[in-house]
Amino acid sequence: MLWLFLGTLFTFVLAGIPVVFSLGLSNIAIMNAMDLPFMVLPSKMISGMNSFPLLAIPFFMFVGEVMNRGGIAKRLVDFADAIVGHITGGLGHVNILASMFFGGISGSAIADTAAIGGLLIPPMIEQDYPADYSAAITASSAVIGIIIPPSIPFILYGIITNTSIAQLFLAGIIPGIIVGLSLMVTTYITTKKHGYGHIEGSEQVAEFSFSRLWKTFKKAWLALTIPVLVVGGILGGIFTATEAGVVAAFVALLLGLFAYREITIKDLPDILLATAKTTAIVLFLCGMAMVTAWLLTMARVPFTLANLLTSITSRPIGVLLIANVLLFLVGFVMDLTPAMLILAPILLPVMKSVGIDPVYFGVIMSINLGIGLITPPVGTVLYVATGVANITLEELVKSILPFLFTLLAVLALLIAFPQLVMFIPNTFA
């Protein structure tokens with residue numbers, strides 16, 4: 001059944017059929033082989049979408065739309081500039097730190113790339129950073145958006161595997177910070193080596209100023225309360241991850257309308273329509289993937305796969321490494337959301353069979369598939385970055401390699417030291 005599913009799925013995808021419809025056709029093939037009535041498809045699809053935790057996704061997507069239009073992203077960039085803009089590779093560090101702030105609010109790598117890239121790539125080019133290098137920093141740092149809570153991939157993983165979303169959010173904090181710091185080190189080394197950020201005869205790195213830091217903080221502190229409210233509320237048991245999305249959306253809307261006054265009531269229909277379009281795509285994928293998960297479980301595919309992998313090696317680290325190689329290869333040809341929805345229900349029983357924590361595997365899986373967002377040919381974030389920077393995909397791929405290797409090194413570190421992921425969840429368990 002697994003070979004039938006994968007064979008039909010990749011055949012349809014390579015034929016140019018959208019992933020969600022390819023999934024549907026693969027599901028029909030499995031149902032036909034199992035002699036199940038086709039009415040199972042719409043029934044299971046609707047029940048898969050009928051999930052309270054899924055409500056968090058449109059709310060966090062709404063937050064991202066409001067941030068893009070409501071002046072929040074600009075204030076976060078200015079604050080980040082005041083903190084790290086004076087270091088060698090200044091605007092590169094600003095880009096990364098702004099992505100850490102942005103990711104802590106929206107949870108979306110694509111929204112991060114569009115917003116931060118639109119704000120920072122033009123000034124980076126003006127300060128003698130090559131366009132492809134500027135886009136590479138923007139794209140690679142956007143991966144932080146799906147690691148630092150809130151995280152839309154964490155929400156999807158939690159729903160489809162019945163894992164605590166709150167625990168996943170907590171588990172993403174330390175890895176997100178490590179990824180950000182590692183990318184900053186890479187930026188420092190590469191900018192110093194190539195002399196980026198300098199115009200001949202002119203020093204482009206501004207000096208650190210406490211007065212500017214305080215000034216930008218006063219403008220950005222209201223926006224920075226959103227991740228504090230989200231994480232603090234979940235830690236304190238005040239609200240669930242889904243309710244945190246409602247709180248974040250409400251606060252972001254108040255800031256955009258009344259505090260910063262950069263959006264009006266007239267802008268809301270466009271913001272809501274953009275949110276609805278993106279949400280519809282994700283929900284359609286979720287519903288179809290829930291059918292796939294149910295069918296493969298009925299066919300005992302996860303158990304067969306678990307037996308196969310444990311026959312190769314029974315050591316948890318060995319099984320985890322094999323799974324990560326598979327995820328990395330899948331990331332080349334499939335976007336994060338469908339890959340997460342399809343593979344999580346298949347791989348998690350295997351991980352549980354060798355004693356790997358579901359929360360830990362969720363974080364590792366999200367980071368691995370997040371790296372897939374910046375690998376061709378299907379890297380969604382790559383295409384957004386090329387559009388913002390007005391460069392070719394080939395130029396961007398060459399420049400992103402140092403950052404890609406950095407992300408892979410961080411992934412290897414987290415595989416070698418699981419306690420880096422599980423320290424906070426275990427502390428607040």
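Residue numbers count from 1 along this sequence. Side chains are part of it too, since the values below use all heavy atoms of this structure and drop only hydrogens, waters and symmetry mates.
Between atom CG of residue Leu54 and atom CG of residue Leu156 there is a gap of 7.0 Å, rounded to the nearest 0.5 Å. We find the CG-CG distance between Leu119 and Asp81 to be 11.5 Å, quoted to the nearest 0.5 Å. Rounding to the nearest 0.5 Å gives a distance of 4.5 Å between CG of Leu9 and OG of Ser26. A distance of 8.5 Å separates CG of Asn368 from CZ of Phe361, quoted to the nearest 0.5 Å. Considering CH2 of Trp294 and CE of Met31, their distance stands at 9.0 Å, rounded to 0.5 Å. Taken from NZ in Lys74 to NZ in Lys219, the straight-line distance is 7.5 Å, to the nearest 0.5 Å.
Contact of the Ile367 side chain with the Leu414 side chain is registered, since non-hydrogen atoms from C-beta on lie closer than 4.5 Å. Two residues are said to be in side-chain contact when any heavy atoms from C-beta on lie closer than 4.5 Å; Tyr360 and Ile364 meet this criterion. Residues His93 and Leu97 form no side-chain contact, since every pair of their non-hydrogen atoms from C-beta on lies 4.5 Å or further apart. Using a 4.5 Å cut-off on side-chain heavy atoms (C-beta onward), Ile146 and Ile152 make no contact. The shortest distance between side-chain heavy atoms of Ile173 and Pro149 falls below 4.5 Å. You'll find the side chain of Met290 stays beyond 4.5 Å of the side chain of Ser47, heavy atoms only. Between Val246 and Phe239, every side-chain heavy-atom pair lies at or beyond the 4.5 Å cut-off. Residues Cys286 and Leu341 have side chains in contact (heavy-atom distance under 4.5 Å, counting atoms from C-beta outward).
Listed for the Ser151 side chain is no donor-acceptor partner under 3.5 Å among the backbone atoms of Ile147. A donor-acceptor distance shorter than 3.5 angstrom exists from the side chain of Asn27 to the backbone of Met288, with no hydrogens or angles considered. Side-chain atoms of Thr278 come within 3.5 Å of backbone atoms of Ala274 as a donor-acceptor pair (strictly under, hydrogens ignored). Between the side chain of Glu65 and the main chain of Phe62, no donor-acceptor pair closer than 3.5 Å is present. Side-chain N or O atoms of Thr304 include one that pairs as donor or acceptor with a backbone N or O of Arg300 at under 3.5 Å. Side chain of Gln167 to backbone of Ser164: no donor-acceptor contact under 3.5 angstrom is found. The main-chain N or O of Gly372 is found under 3.5 Å from a side-chain atom of Thr375 such that the two form a donor-acceptor pair. Within the 3.5 Å criterion, the main-chain N or O of Met422 finds a donor-acceptor partner in the side chain of Asn426. In this structure, the side chain of Thr163 does not engage the main chain of Ile159 through any donor-acceptor pair within 3.5 Å. At distances below 3.5 Å, at least one donor-acceptor pair connects side-chain atoms of Ser311 with backbone N or O atoms of Leu308.
Ser182 and Ile178 make their closest contact through OG-O, 2.7 Å (heavy atoms, listed as atom of the first residue, atom of the second, distance). Here the closest heavy-atom approach between residue Ala339 and residue Val330 is recorded as CB-CG1, 3.9 Å. Of all the heavy atoms in Ala142 and Ser99, the pair that sits closest is N-OG, 4.3 Å. Across Asn95 and Ser134, no two heavy atoms sit closer than the pair ND2-O, 4.2 Å. Looking at every heavy atom in both residues, Phe38 comes nearest to Asn32 through CE2-N, 4.2 Å. Closest of all the heavy-atom pairs between Ile116 and Ala98 is CD1-CB, 3.9 Å.
Note: Tyr196 and Tyr133 meet the aromatic proximity criterion, with ring centroids under 6.0 Å apart. Checked against the 6.0 Å centroid criterion, the rings of Phe417 and Phe423 do not qualify as a close aromatic pair.
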Practice prompt. Please step through side-chain contact (heavy atoms from CB on, under 4.5 Å) for the pair Leu254 and Leu222, ending with a clear verdict.
Written response: CA-CA 10 Å; Leu254 288 180; Leu222 286 171; over 6 Å; no
Discussion item. Using the rule given for side-chain contact (heavy atoms from CB on, under 4.5 Å), can you reason through Leu407 versus Val179, listing the C-alpha separation, both sets of side-chain angles and the distance that settles it, and then say yes or no?
Written reply: CA-CA 7 Å; Leu407 291 171; Val179 168; 3.6 Å; yes
Discussion item. Let's go through Thr186 and Thr406 carefully: what are the C-alpha distance in whole Å and the side-chain angles of both, what is the deciding distance for side chain to side chain donor-acceptor pair (under 3.5 Å) to 0.1 Å, and is it a yes or a no?
Written reply: CA-CA 7 Å; Thr186 305; Thr406 299; 2.7 Å; yes
Practice prompt. Walk me through it: do Leu369 and Thr337 pass the test side-chain contact (heavy atoms from CB on, under 4.5 Å)?
Written response: CA-CA 9 Å; Leu369 292 176; Thr337 301; over 6 Å; no
Item to complete: Kindly determine whether Ser366 and Met340 satisfy side-chain contact (heavy atoms from CB on, under 4.5 Å), including the steps that lead there.
Response: CA-CA 8 Å; Ser366 297; Met340 174 72 74; 3.3 Å; yes
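A side-chain contact (heavy atoms from CB on, under 4.5 Å) with Ile28 holds for exactly one of Leu36, Val291, Leu41, Thr8; it is Leu41.
Between Phe217 and Phe79, the ring planes lie tilted relative to each other; the angle falls in the 30° to 60° range. In this structure, Phe60 and Phe169 have perpendicular ring planes: the angle between them is above 60°, well past the 30° mark.
Atom OH of Tyr383 has more than 12 heavy atoms from other residues, nucleotides or ligands within 6.0 Å. Annotation for Phe328: atom CZ counts as buried by contact number, over 12 foreign heavy atoms lying within 6.0 Å.
Taking 4.0 Å as the cut-off between side-chain N and carboxylate O, Glu262 and Arg75 count as a salt-bridged pair.
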